[in-house]
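Reviewing the structure listed below.
What you see below is based on every heavy atom in this structure, not just the backbone, and it leaves out hydrogens, waters and symmetry mates.
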Amino acid sequence: MTPMVKAEQVCKSFGALRVLKGVTLEVGKGEVLCMVGPSGSGKSTFLRCINHLETVNAGRLYVDGELVGYHERGGKLHEMKPREAAKQRRDVGMVFQHFNLFPHRTALENIVEAPIHVKRVKKKDALERGRDLLQQVGLADKADAYPAQLSGGQQQRVAIARALAMNPKLMLFDEPTSALDPELVGEVLGVMKRLAEEGMTMVVVTHEMGFAREVANQLVFMDEGVIMERGNPREMMANPQHERTKAFLSKVL
């Protein structure tokens with residue numbers, strides 16, 4: 001079966017700073033991969049490369065068998081036009097650390113904006129789907145609330161519903177709970193856990209080790225732009241093989 005995400009020797013530099021140094025991994029359809037590691041290890045950059053928010057300097061990235069952001073001709077890569085890349089990106093939902101909701105639009109309006117204007121979904125259908133998604137994330141009563149009237153956890157759940165409104169085949173989460181007060185973290189992780197149970201393929205950059213242990217199929221530990229260790233989350237947490245992994249886990253578990 002074609003993996004949902006396939007990375008082959010992905011490299012990314014910003015000027016002289018090498019952020020990704022040959023990352024290779026696969027995520028099967030319906031799997032959850034959690035990426036952990038210290039700040040600056042390249043996790044978020046890798047996530048942004050998956051949907052071509054960042055271009056790669058070397059290597060190849062595929063989503064559902066399709067090369068991301070480039071056409072390959074005669075063994076050479078040619079970057080897609082922005083419109084083509086944006087069309088490809090529609091199939092990948094991304095939830096950021098900060099919620100990035102439109103402050104002047106209600107929760108429901110935030111959710112239906114992209115389906116109506118990007119996918120040309122009829123407004124009536126988009127509103128119906130939007131209300132259904134708000135119910136799924138436990139916010140059916142907040143359809144008409146503006147972001148400023150919502151807690152951080154509620155805003156992040158609206159952001160998840162907004163990403164799901166585009167019917168993505170893959171969801172990327174970039175530290176979705178790190179900007180939240182501790183008591184609000186559980187409500188967001190609960191939504192993500194339900195998504196995983198429903199078979200959504202997810203790549204999650206997180207510090208929530210309990211979530212990784214309980215929900216992930218694969219755990220990847222990154223440091224200094226390389227994958228130091230990967231494996232079954234419970235086994236890795238109980239018995240890490242690499243000294244660097246041991247040092248990191250001793251601080252976060």
Side-chain angles (χ1 to χ4, degrees), residues 5 32-35 43-54 63 86 88-119 121 123 126-208 211-212 215-216:
V5 178
V32 178
L33 179 140
C34 281
M35 304 187 84
K43 309 180 302 295
S44 295
T45 298
F46 178 71
L47 218 58
R48 291 171 67 83
C49 288
I50 293 176
N51 66 355
H52 204 58
L53 289 173
E54 298 288 355
V63 170
Q88 203 177 45
R89 205 176 284 130
R90 290 179 197 174
D91 292 328
V92 181
M94 186 152 184
V95 178
F96 297 90
Q97 194 170 346
H98 300 286
F99 329 118
N100 299 342
L101 298 176
F102 296 117
H104 58 293
R105 300 200 189 285
T106 64
L108 184 57
E109 287 168 348
N110 265 282
I111 292 166
V112 303
E113 175 92 3
I116 290 171
H117 295 290
V118 177
K119 282 204 162 176
V121 175
K123 188 172 183 180
L127 288 168
E128 188 177 322
R129 168 93 170 128
R131 288 194 179 92
D132 180 47
L133 285 167
L134 280 172
Q135 186 160 7
Q136 284 181 41
V137 299
L139 294 172
D141 58 336
K142 299 293 184 183
D144 298 321
Y146 288 91
Q149 299 169 312
L150 301 172
S151 71
Q154 290 170 332
Q155 289 186 60
Q156 193 60 296
R157 284 186 281 158
V158 172
I160 293 171
R162 178 179 61 180
L164 292 173
M166 294 292 280
N167 293 317
K169 51 186 162 187
L170 168 67
M171 285 285 285
L172 308 175
F173 292 88
D174 189 6
E175 298 193 24
T177 58
S178 63
L180 300 179
D181 292 334
E183 66 266 28
L184 302 177
V185 167
E187 60 191 50
V188 174
L189 294 180
V191 170
M192 292 169 64
K193 188 176 170 187
R194 280 199 301 280
L195 277 179
E197 287 165 355
E198 289 162 9
M200 177 61 76
T201 310
M202 294 157 56
V203 181
V204 185
V205 171
T206 186
H207 295 297
E208 301 294 337
F211 174 83
V215 179

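- Taking CG of L180 as the start and CD of E175 as the end, the distance is 11.5 Å to the nearest 0.5 Å.
- Note: N51 CG to L53 CG = 4.0 Å, rounded to the nearest 0.5 Å.
- Not a single donor-acceptor pair under 3.5 Å links the side chain of Q156 to the backbone N or O of T177.
- In E128, the CD atom is not crowded: 12 or fewer heavy atoms of neighbouring residues, nucleotides or ligands sit closer than 6.0 Å.
- Between Q154 and V158, every side-chain heavy-atom pair lies at or beyond the 4.5 Å cut-off.
- The side chain to side chain donor-acceptor pair (under 3.5 Å) check on S44 picks up D174, with sequence neighbours excluded.
- Contact of the V5 side chain with the I50 side chain is registered, since non-hydrogen atoms from C-beta on lie closer than 4.5 Å.
- In this structure, the side chains of V188 and F173 stay at 4.5 Å or more apart for every pair of heavy atoms.
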Side-chain donor-acceptor pairs under 3.5 Å in residues 134-145, sequence neighbours left out?
{"from": "Q136", "atom 1": "NE2", "to": "D132", "atom 2": "OD2", "distance (Å)": "3.1"}

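- Annotation: the span from I160 atom CD1 to I111 atom CD1 amounts to 11.0 Å, rounded to 0.5 Å.
- Here the closest non-hydrogen pair linking N110 and P147 is ND2-CG, 4.1 Å.
- Taking E187 as the reference, R157 meet the salt bridge (Lys or Arg N to Asp or Glu O under 4.0 Å) condition, with sequence neighbours excluded.
- Residue L184 comes nearest to G153 through the heavy atom pair CD1-N, 3.6 Å, listed as atom of the first residue, atom of the second, then distance.
- Not counting sequence neighbours, K119 has no partner by the side chain to side chain donor-acceptor pair (under 3.5 Å) test.
- Scored by the salt bridge (Lys or Arg N to Asp or Glu O under 4.0 Å) test, R48 finds E54 as partners (sequence neighbours excluded).
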Task: Stepwise side-chain contact (heavy atoms from CB on, under 4.5 Å) check, M171 with L164 - done: CA-CA 8 Å; M171 285 285 285; L164 292 173; 4.0 Å; yes
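- Taking all atoms of both residues into account, the shortest heavy-atom contact from L108 to G130 is CD1-C, 3.7 Å.
- In this structure, CZ in R129 is found 13.0 Å from CG in L127, a value given to the nearest 0.5 Å.
- Side-chain contact check for V215 versus V204: every heavy-atom pair is 4.5 Å or farther apart.
- Using a 4.5 Å heavy-atom cutoff, the side chains of K123 and V112 are not in contact.
- When side chains are defined from C-beta on, M192 counts as touching P176, because their heavy atoms get closer than 4.5 Å.
- Rounding to the nearest 0.5 angstrom, the gap separating the CZ atom in F46 from the CE atom in M35 is 5.5 Å.
- Annotation for Q155 and L150: closest pair NE2-O, 3.3 Å, computed over non-hydrogen atoms.
- Closest heavy-atom contact between A126 and P115: CB-CB, 4.5 Å.
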Please list, one pair per line, the donor and acceptor atoms closer than 3.5 Å that link side chains of residues 92-105 to other protein atoms, with sequence neighbours excluded.
{"from": "Q97", "atom 1": "NE2", "to": "S178", "atom 2": "OG", "distance (Å)": "2.9"}
{"from": "R105", "atom 1": "NE", "to": "E113", "atom 2": "OE1", "distance (Å)": "3.0"}

TODO: Quick one: do T201 and K169 satisfy side-chain contact (heavy atoms from CB on, under 4.5 Å)? Show the steps, please.
DONE: CA-CA 7 Å; T201 310; K169 51 186 162 187; over 6 Å; no
